[in-house]
Amino acid sequence: MLEITRIRTEKDSIIEGLKKRNLDVAPTIDQILDKDQQWRSAKTDLEAIAAEQNQLAKQIGELFKQGKQEEANTAKIRTGELKLKETELKSLVDGLDQEITQLLYTLPNVPNELVKAGKDEKDNEIVFEDGEQPTFSSEPLAHWDLAKKYDLIDFELGVKVTGAGFPFYKGKGAKLQRALIAFFLEEADKVGYEEYIPPLVVNEASGYGTGQLPDKEGQMYYVNEDDFYLIPTAEVPLTNIFRDVILPDDQFSIKLTGYTPCFRREAGSYGKDVRGLNRLHQFDKVEIVRIEHPDNTAKALEEMIEHVKGLLSKLGLQFRILRLCGGDTGFASAMTYDFEVYSAAQQKWLEVSSCSRFDTFQSNRLKLRFKNQDKKTQLCHTLNGSALALPRIVAALLENHQTPEGILIPEALQKFTGFDRIA
RNA sequence: GGAGAGUUGGCAGAGUGGUCGAUUGCGGCAGUCUUGAAAACUGUUGAACCGAGAGGUUCCGGGGGUUCGAAUCCCUCACUCUCCGCCA
């Protein structure tokens with residue numbers, strides 16, 4: 001959520017910035033500012049009344065003590081009048097407050113200056129490319145065929161036991177899964193991310209904290225009985241650790257990582273995009289989260305990108321990095337880099353990571369602040385990224401590393417799998 | 001699942017209708033003393049909002065009520081803890 005103070009002072013740059021998302025928010029902003037004006041004026045009046053009431057209450061107490069019943073009762077009449085007015089003003093103030101918040105909820109984050117205007121994924125910029133396209137002696141199989149051939153993943157069994165999008169991993173398929181998690185966590189550990197194992201369900205407040213609620217409610221599984229949500233990403237519990245926290249100035253940078261399964265309803269997905277591992281309702285992911293001083297955010301994002309690059313290189317996958325255009329950048333994000341690996345058999349790019357800086361957009365909702373040098377509280381910056389999401393990595397590994405002798409496991413992974421090929 | 005006890009400032013913990021944003025202790029910060037540190041002593045130390053400022057308002061788990069006045073009384077919801085039961 002954008003800060004109201006920022007809207008007051010940076011109206012024009014916000015309107016300009018959000019044009020990169022193909023949005024014209026000028027009417028909304030004007031509406032907000034108009035209501036904000038009313039709100040402030042009503043609030044001032046309300047506070048004046050409250051001040052007078054406080055004053056009178058004190059006097060009345062004094063008068064009672066001195067036994068001046070008459071005078072006290074006269075004063076009481078005045079408080080009665082004030083109370084009526086107060087009730088009226090209060091409902092006005094509260095109403096405006098809610099309307100403003102509702103409007104604020106509709107405004108996405110303002111894109112960073114590096115972000116180009118654009119409509120959808122077609123306008124994303126490729127900023128980096130690396131790795132070789134693999135060559136095959138015969139037509140490569142898609143990962144769902146490979147999974148069947150080597151008995152690594154059983155999709156039908158998942159359908160039987162749960163439903164579509166909840167596969168079973170078996171044998172070496174399961175081991176590969178476990179190896180990737182261990183590999184990713186160890187790599188994150190090497191560069192200073194502290195490992196957490198968070199809860200997999202969160203309460204409503206946490207959903208609001210990271211912005212899944214109220215707008216993306218339908219994307220999370222909901223446990224009715226206890227009002228819990230299954231996490232769609234470890235970002236939710238890891239970032240909410242810092243909800244309502246005021247950090248000392250010297251605590252930065254805070255770097256966390258965690259492996260969790262992620263649960264997504266993905267309502268409305270269909271067709272070839274959901275085939276095999278391409279889109280699941282439950283998948284594994286290692287997430288990295290950073291809490292930063294605003295001055296360090298750009299550097300932090302660079303570091304995260306380097307980290308993810310390293311992972312993909314060590315896995316021997318061809319990949320590219322995209323800087324998302326305004327229209328494709330997530331609601332809460334100020335700038336997002338997507339990592340895509342090339343899937344040789346499907347002949348398309350698969351998104352495996354997304355690294356974003358949110359600046360104060362999340363911390364504003366979270367009330368995550370720090371004491372700056374002037375001893376003032378100031379909002380922190382938050383960032384996060386996948387490092388990495390497993391299913392599409394598995395898809396690419398299987399497809400790109402298939403040979404007549406079996407699927408070759410990248411060397412970096414072998415110490416975790418305990419085998420060097422799947423045959 | 002049954003019974004009970006709680007929820008107050010960074011933490012501990014007082015406060016049962018007015019002068020309480022809140023005693024006190026610890027912690028933090030600043031200073032005195034010291035070559036330095038520790039100890040001791042002194043002072044200081046919550047957040048949000050309105051206002052150009054002076055200043056004002058709000059917050060003692062959330063919401064509602066009683067009252068001129070609520071941390072304190074009433075209602076309600078949430079959460080936490082303890083004991084018993086069940087279970088990994």
Side-chain angles (χ1 to χ4, degrees), chain A residues 1-9 32-104 197 199-209 213-214 222-229 237 240-252 254 291 360 362-380:
Chain A
M1 182 159 69
L2 294 177
E3 300 132 85
I4 181 76
T5 49
R6 193 169 155 203
I7 291 176
R8 284 180 199 147
T9 55
I32 290 172
L33 288 175
D34 180 50
K35 286 184 191 298
D36 182 53
Q37 198 55 52
Q38 293 178 47
W39 176 83
R40 284 198 276 176
S41 135
K43 176 131 176 143
T44 306
D45 294 346
L46 179 64
E47 286 177 1
I49 287 173
E52 188 176 347
Q53 276 179 316
N54 289 342
Q55 205 68 42
L56 278 173
K58 261 182 205 168
Q59 286 172 13
I60 291 170
E62 214 35 57
L63 290 172
F64 272 129
K65 239 179 238 170
Q66 295 168 12
K68 297 179 179 166
Q69 286 284 349
E70 285 293 311
E71 288 179 50
N73 286 330
T74 315
K76 275 196 198 180
I77 294 169
R78 175 67 182 150
T79 60
E81 291 167 11
L82 287 173
K83 195 161 207 175
L84 279 177
K85 230 171 162 184
E86 187 201 19
T87 313
E88 198 180 300
L89 272 171
K90 194 164 189 303
S91 71
L92 178 63
V93 169
D94 288 348
L96 284 167
D97 204 359
Q98 275 180 26
E99 288 171 33
I100 292 167
T101 305
Q102 285 308 315
L103 287 169
L104 284 175
I197 300 179
L200 305 181
V201 294
V202 295
N203 58 29
E204 195 179 28
S206 294
Y208 276 96
L213 298 175
Y222 177 58
V223 184
N224 196 30
E225 190 105 65
D226 297 292
D227 274 344
F228 289 148
Y229 293 87
N240 270 284
I241 292 171
F242 299 94
R243 173 153 47 83
D244 290 318
V245 165
I246 300 178
L247 297 162
D249 183 53
D250 57 6
Q251 200 116 340
F252 298 111
I254 296 175
I291 313 295
T360 58
Q362 281 189 330
S363 59
N364 186 33
R365 278 202 205 179
L366 286 164
K367 295 204 182 66
L368 164 54
R369 294 159 292 176
F370 69 101
K371 283 261 189 238
N372 66 20
Q373 302 259 306
D374 303 331
K375 305 242 161 110
K376 290 261 169 59
T377 56
Q378 188 182 337
L379 292 170
C380 299

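All values below come from the heavy atoms of this structure, side chains included, with hydrogens, waters and symmetry mates left out. Every chain is numbered from 1 and lettered A, B, ... according to where its sequence line falls, protein lines coming before strand lines.
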Write down the distance separating the [atom1] atoms in [N] and [M], rounded off to the nearest Å.
N      : M      : atom1 : value
B:rG27 : B:rU35 : C1'   : 28 Å
B:rA70 : B:rU58 : P     : 9 Å
B:rG63 : B:rU24 : C1'   : 32 Å
B:rG43 : B:rC49 : P     : 32 Å
B:rG61 : B:rU8  : C1'   : 10 Å
B:rG6  : B:rA12 : C1'   : 15 Å
B:rA78 : B:rG10 : P     : 27 Å
B:rC74 : B:rU66 : C1'   : 7 Å

Got [X] and [Y] here, is their nearest side-chain heavy-atom distance under 4.5 Å?
X        : Y        : value
A:Val93  : A:Trp39  : yes
A:Asp36  : A:Ile7   : no
A:Val201 : A:Asp226 : no
A:Glu52  : A:Arg78  : yes

For atom [atom1] of [X] and atom [atom2] of [N], their distance in whole Å:
X        : N      : atom1 : atom2 : value
A:Asp226 : B:rC79 : CG    : C1'   : 13 Å
A:Phe370 : B:rG10 : CZ    : C1'   : 19 Å
A:Asp227 : B:rC77 : CG    : C1'   : 12 Å
A:Glu204 : B:rG62 : CD    : P     : 17 Å
A:Lys90  : B:rC50 : NZ    : P     : 17 Å
A:Asp244 : B:rA47 : CG    : P     : 14 Å
A:Gln251 : B:rG10 : CD    : C1'   : 12 Å
A:Leu379 : B:rA47 : CG    : P     : 14 Å

A:Leu368 pairs by side chain to side chain contact (heavy atoms under 4.5 Å, CB included) with which of A:Leu247, A:Thr360, A:Asp244?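 Checked A:Leu247, A:Thr360, A:Asp244 against A:Leu368; only one passes side chain to side chain contact (heavy atoms under 4.5 Å, CB included): A:Leu247.
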Dot-bracket line, read 5' to 3' along RNA chain B, where crossing pairs take [ ] and | marks a partner on another strand, Watson-Crick or G-U under 3.5 Å: ((((((((.[[[..)..(.....]]]((((((.......))))))(((((....))))).[[[[[..)....]]]]])))))))....
With a 4.0 Å limit, can you tell me whether [X] has a side-chain N or O closer than that to the phosphate oxygens OP1/OP2 of [N]?
X        : N      : answer
A:Lys43  : B:rC50 : no
A:Arg369 : B:rA47 : no
A:Thr377 : B:rA48 : yes
A:Arg40  : B:rU57 : no

I'd like to know if the side chain of [X] reaches the main chain of [Y], judged simply by a donor and an acceptor atom lying under 3.5 Å from each other, with no hydrogens or angles considered.
X        : Y        : answer
A:Asn372 : A:Gln378 : no
A:Ser41  : A:Gln37  : no
A:Ser363 : A:Leu379 : no

Using heavy-atom distances to pick each residue's nearest nucleotide on RNA chain B, tell me which of A:Gly61 and A:Leu46 is more 5'.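 Nearer the 5' end of the strand: A:Gly61.
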Specify whether A:Tyr229 and A:Tyr222 have parallel, tilted or perpendicular ring planes, treating 30° as the upper limit for parallel and 60° as the lower limit for perpendicular.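 Tilted, since the angle between the ring planes falls between 30° and 60°.
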From [options], pick the nucleotide closest to the side chain of [X]?
X       : options                : result
A:Glu47 : B:rU57, B:rA47, B:rC68 : B:rU57
A:Lys83 : B:rG69, B:rG56, B:rA48 : B:rG69
A:Phe64 : B:rC50, B:rG18, B:rA47 : B:rG18

For RNA chain B, the residues among residues 48-59 of chain A that have a non-hydrogen atom under 4.0 Å from it: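 Residues of residues 48-59 of chain A under 4.0 Å from RNA chain B: A:Ala50, A:Ala51, A:Asn54, A:Ala57.
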Considering all heavy atoms of both residues, which atom of A:Phe242 and which atom of A:Ile254 are nearest to each other, and what is their separation?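 Residues A:Phe242 and A:Ile254, closest heavy atoms: CZ-CG2, 3.6 Å.
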Which atom of A:Asn240 lies closest to which atom of A:Ser206, heavy atoms considered: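 Looking at all heavy atoms of both residues, the closest pair is ND2-O, 2.9 Å.
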